[in-house]
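I have placed the structure first, in the form of structure tokens, so that the comments after it can refer back to it.
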Amino acid sequence: VAAEIMDGSALSALRREQLGKRLAAAGNPPICLATVLVGDDGPSQRYVASKQRQAAQVGLLSQHVALPATASQAAVEAAVAELAGDPGVHGILVQLPLPAGLAPNPVIDLLPPEKDVDGLTAASLGRIVRGEPGLVPCTPRGVMLLLEHHGVPIAGQRAVVLGRSTLVGLPTALLLATKGTDATVTIAHSRTPDLQAVLREADIIVSAVGVARIVTADAVKPGAAVVDVGVSRTEAGIVGDVDFEAVREVAGWLTPMPGGTGPMTVACLLENAVEAARLQGVAGL
Ligand SMILES: NC(=O)c1ccc[n+]([C@@H]2O[C@H](COP(=O)([O-])OP(=O)(O)OC[C@H]3O[C@@H](n4cnc5c(N)ncnc54)[C@H](OP(=O)(O)O)[C@@H]3O)[C@@H](O)[C@H]2O)c1
């Protein structure tokens, strides 16, 4: 039996529609999501444009700050600090990665936690570790929503998260292992020996590496849920970490790439922007 496909485009569209209705019911308060893009990386430009377009569709305002790839650390920090202090801006997204030579963490940590719609400040990540409420990183939250929406059992299951970045891998592992969700989690990475054997133990695999088809069918336990986060750009188009065609014959659930975790990331970003506005006292939310 072929795997159930976890369609992120469909779930994202549903959640964005619900968000739009919620904002309309609240009288469409002015909520502004600011994006900061440094440099002229093509995919980053397209991601930011798509996020702004979808923000507008649900009724959010957006503001965009574009800085050249040659911008200094101080210039990037000054731009972000200005948005951080602007009461008309409710959420701030700094598109990563920053161009080589710029340090992301000092920029990210200028964000007040209640405007940190990517959930990447030390404060936001610390809240996940402590199990406290706050804005959760968008891709990890999107992964969790896809698993929950498709009824994938998580409690008591063995999960392997492939990748240990603060953007995706580590927060995903924390969310899976958190009290109440209760997976038993292994974090694998480039220094993990015998990766295939580690993956074969998993009831749930979340792969966030960026190496095309690193998750092969023979490394997937029959019936496992497989979530593909990694993105590799090839001449044939975007390819995920998972060998989709072969793995769909083995897995119980599987995300497509594209059309899986990417659209969920955007839906969660918009939901975080509204949550940010609520945390800042915008009425009616
Ligand atoms: N779908 C979405 O919405 C979405 C959102 C964000 C990112 N992404 C994509 O997801 C991928 C991961 O993003 P990221 O920001 O987490 O990237 P990252 O910071 O580069 O992290 C990649 C992780 O993969 C591990 N890794 C690299 N090569 C490996 C190998 N051969 N075997 C096992 N592990 C290996 C690295 O291990 P070490 O720590 O040992 O170096 C690292 O932990 C990228 O392709 C990115 O484009 C997708």
Side-chain angles (χ1 to χ4, degrees), residues 6-9 11-13 15-16 35 37 41-51 54 93-100 102-105 108 117-120 125 128 136-147 159-176 185-202 205-216 219-220 226-234 237-244 254-272:
M6 296 188 278
D7 183 344
S9 297
L11 184 58
S12 172
R15 294 190 72 94
R16 286 181 283 118
T35 48
L37 178 61
D41 175 59
S44 291
Q45 284 177 332
R46 287 194 290 279
Y47 284 141
V48 168
S50 164
K51 288 167 183 174
Q54 296 183 59
L93 173 140
V94 180
Q95 184 66 37
L96 300 175
L98 295 176
L102 294 175
N105 286 347
I108 299 292
V117 287
D118 255 345
L120 293 180
L125 291 169
I128 302 182
V136 174
C138 303
T139 304
R141 191 171 133 72
V143 169
M144 298 306 295
L145 289 172
L146 272 171
L147 293 172
V160 173
V161 177
L162 190 44
R164 56 177 163 182
S165 70
T166 50
L167 184 66
V168 190
L170 285 180
T172 302
L174 287 167
L175 293 177
L176 284 163
V185 181
T186 299
I187 300 171
H189 44 74
S190 69
R191 317 266 307 166
T192 300
D194 202 355
L195 185 60
Q196 307 295 90
V198 173
L199 289 174
R200 269 194 291 272
E201 301 250 302
I205 295 173
V206 180
S207 187
V209 173
V211 173
R213 302 191 183 94
I214 188 171
V215 180
T216 52
V220 174
V226 181
V227 181
D228 196 352
V229 177
V231 173
S232 301
R233 289 183 175 76
T234 69
I238 286 178
V239 176
D241 285 356
V242 178
D243 184 356
F244 181 87
L254 176 61
T255 55
M257 174 60 71
T261 52
M264 289 306 297
T265 298
V266 183
C268 291
L269 170 71
L270 304 181
E271 290 178 355
N272 273 354

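Counting begins at 1 with the first residue of the sequence. Basis for what follows: all heavy atoms, side chains included, without hydrogens, waters or symmetry-related copies. Both counts, for ligands and for their atoms, begin at 1 and track the order of listing.
Looking from atom 5 (C) of ligand 1 to the surrounding protein, the closest heavy atom is Thr139 OG1, 3.3 Å. For atom 20 (O) of ligand 1, the closest heavy atom belonging to the protein is Val209 O, 4.7 Å. For atom 32 (N) of ligand 1, the closest non-hydrogen atom on the protein side is Ile214 CD1, 3.5 Å. Counting protein heavy atoms only, atom 13 (O) of ligand 1 is closest to Val168 CG2, 4.2 Å. In terms of protein heavy-atom proximity, atom 12 (C) of ligand 1 is closest to Ala208 O, 3.4 Å. Counting only heavy atoms of the protein, atom 9 (C) of ligand 1 lies nearest to Val229 O, 3.5 Å. With hydrogens left out, the protein atom closest to atom 14 (P) of ligand 1 is Ser165 OG, 3.6 Å, a heavy atom. Nearest non-hydrogen protein atom to atom 1 (N) of ligand 1 is Thr261 OG1, 2.9 Å.
Residue Arg213 qualifies as open at atom CZ: its count of foreign heavy atoms under 6.0 Å is 12 or below.
Asn105 meets the side chain to side chain donor-acceptor pair (under 3.5 Å) test with no other residue; sequence neighbours excluded.
Considering every non-hydrogen atom in both Gly210 and Ser232, the closest pair reads O-OG, 3.2 Å.
Leu167 places none of its side-chain heavy atoms less than 4.5 Å from the side chain of Thr139.
Between the side chain of Asp228 and the main chain of Val242, a donor-acceptor pair closer than 3.5 Å is present. At distances below 3.5 Å, not a single donor-acceptor pair connects side-chain atoms of Thr35 with backbone N or O atoms of Leu93.
Looking at Arg191, Met264, Arg164, it is Arg164 that brings a heavy atom closest to atom 43 (O) of ligand 1.
Close N/O approach between Ser190 and ligand 1 is found [any backbone or side-chain N/O within under 3.5 Å]. Considering backbone and side-chain N/O atoms, Val231 comes within less than 3.5 Å of an N/O atom of ligand 1.
Set against the non-hydrogen atoms of Gly163, the atoms of ligand 1 under 4.0 Å away are 23 (C), 24 (O), 43 (O). Of all the atoms in ligand 1, the ones that sit under 4.0 Å from a non-hydrogen atom of Thr265 are 2 (C), 3 (O). Set against the non-hydrogen atoms of Leu167, the atoms of ligand 1 under 4.0 Å away are 15 (O). Atom numbering of ligand 1 starts at 1 in the shown order; those under 4.0 Å from a heavy atom of Gly262 are 1 (N), 3 (O). Ligand-side atoms of ligand 1 in range of His189: 33 (C), 34 (N), 37 (O), 40 (O), range being under 4.0 angstrom from any heavy atom.
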Inset, instruction - Would you sort out whether Ser50 and Arg46 count as a side-chain contact (heavy atoms from CB on, under 4.5 Å), showing the intermediate values? - result: CA-CA 6 Å; Ser50 164; Arg46 287 194 290 279; over 6 Å; no
Legend entry - Pair Val161-Leu176, side-chain contact (heavy atoms from CB on, under 4.5 Å): steps then yes or no: CA-CA 9 Å; Val161 177; Leu176 284 163; 3.7 Å; yes
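Using a 4.0 Å threshold on non-hydrogen atoms, atom 28 (N) of ligand 1 counts as touching the protein.
Residue contact check for ligand 1: Gly230 places a non-hydrogen atom closer than 4.0 Å to it.
Screening residues 257-272 for salt bridge (charged side-chain N to carboxylate O under 4.0 Å, His left out), with sequence neighbours left out, gives Arg15-Glu271, Arg141-Glu271.
The OG1 atom of Thr172 lies 8.5 Å from the CE atom of Met144; values are rounded to the nearest 0.5 Å.
Residue Thr192 does not touch ligand 1, judged by heavy-atom distances below 4.0 Å.
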